[in-house]
Amino acid sequence: MVNGIRTNRWVRALAVAAVIAVVPLWAMWPDRVTTGEMAPLDFTLKDMDGNDVRLSDFRGRPLVVNFWATWCGPCKHEIPAFVELVEKYKDQNLTVLGISVDDTPEDLRPFAAEYKMNYPVLVGLGHDELQELYGAHIMVPITWFVRPDGTVYLKSVGTNTKDWFEEQVRVLFVEAD
């Protein structure tokens, strides 16, 4: 049993060392788009049903762009918050876009049904330039808040609560007035 305890400690120590080594590299990665700049919306993606969706078609309304993956636990945790926000603000033209970074449409359809995703689920697989511009090639979840004029209000890396997301959406509406 002593060996089991030592092995477990070594595994944990290596995991902590790996996180410490990787996080500073990620934190130093330069953003290609920053707050106040125009969001890169000149992309066309397929939704999970194969329909073309042009991101530029959402200019003129508050936009939340969430990069995620079906295997990502924190991403799964955020989905119910987006579902609630879409329902709450549907009459005010809020748009939430969920862009899966590496899932196929075949994987997305049952996942979206299970999580009752009521917003467009787009296929980001194969769109490396888009993922690089938004920083989604490094890690997920990453959520961008875009003002109706197309400029970036905020970029959030990692998971957040429903209340935090709602606070950011309210700012988008206040700035739009």
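We number each residue from 1, following the sequence as shown.
Between Y134 and A39, the shortest heavy-atom contact is OH-CB, 3.9 Å. The nearest pair of heavy atoms linking A69 to D103 is CA-OD2, 3.5 Å. Taking every heavy atom of both residues into account, T44 and H127 meet most closely at O-CE1, 3.5 Å. The minimum heavy-atom distance linking L122 with L108 is given by the pair O-CD1, 4.3 Å. Contact record, A112 with V121: CB-CG2, 4.3 Å, taken as the closest heavy-atom pair. Of all non-hydrogen atoms in V96 and Y119, the two that sit nearest each other are O-CB, 3.3 Å.
Put simply, CD1 on I99 and CH2 on W144 are 11.5 Å apart, with the number rounded to the nearest 0.5 Å. Taken from CZ in R147 to CG in L172, the straight-line distance is 8.0 Å, to the nearest 0.5 Å. Expressed to the nearest 0.5 Å, how far CG of L63 lies from CG of N93 amounts to 11.5 Å. Once rounded to the nearest 0.5 Å, the distance linking CZ of R59 with OG1 of T151 reads 10.5 Å. Interatomic distance, T143 OG1 to E78 CD, rounded to the nearest 0.5 Å: 5.0 Å. The structure places NZ of K90 at 13.5 Å from NZ of K88, a figure rounded to the nearest 0.5 Å.
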* Can you check side-chain contact (heavy atoms from CB on, under 4.5 Å) on V53 and K46, steps first, answer last? -> CA-CA 6 Å; V53 177; K46 298 278 187 195; over 6 Å; no

* **Intermediate values then yes/no, side-chain contact (heavy atoms from CB on, under 4.5 Å), V171 and F145** => CA-CA 10 Å; V171 170; F145 297 84; over 6 Å; no

* **Criterion ring-ring contact (aromatic ring centres under 6.0 Å, His included) on F111 and W68, from CA distance to verdict** => CA-CA 12 Å; F111 184 90; W68 64 283; 5.2 Å; yes

* Step-by-step side-chain contact (heavy atoms from CB on, under 4.5 Å) determination, F173 to Q92 -> CA-CA 9 Å; F173 284 116; Q92 297 175 37; 3.7 Å; yes

* Steps toward side-chain contact (heavy atoms from CB on, under 4.5 Å) verdict (R170, Y89) -> CA-CA 10 Å; R170 277 192 240 124; Y89 293 100; 3.7 Å; yes

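D163 and T161 form no side-chain donor-acceptor contact under 3.5 Å, judged by distance and modelled atom types alone. No donor-acceptor contact under 3.5 angstrom links the side chains of T70 and D107, judged on distance only.
Annotation: side chain of L94 is in contact with side chain of V169 (closest heavy-atom distance under 4.5 Å). For the pair L45/L130, a side-chain contact is recorded, criterion being any heavy-atom separation below 4.5 Å from C-beta on.
Applying the salt bridge (charged side-chain N to carboxylate O under 4.0 Å, His left out) rule to E84 yields the partners K162; only residues at least two apart in sequence or on another chain are considered.
Of the possible polar contacts, one joining the D47 side chain to the D49 backbone as a donor-acceptor pair under 3.5 Å is found. Not a single donor-acceptor pair under 3.5 Å links the side chain of N160 to the backbone N or O of F165. A donor-acceptor pair under 3.5 Å links the side-chain atoms of R109 to the main chain of M48, judged by distance alone.
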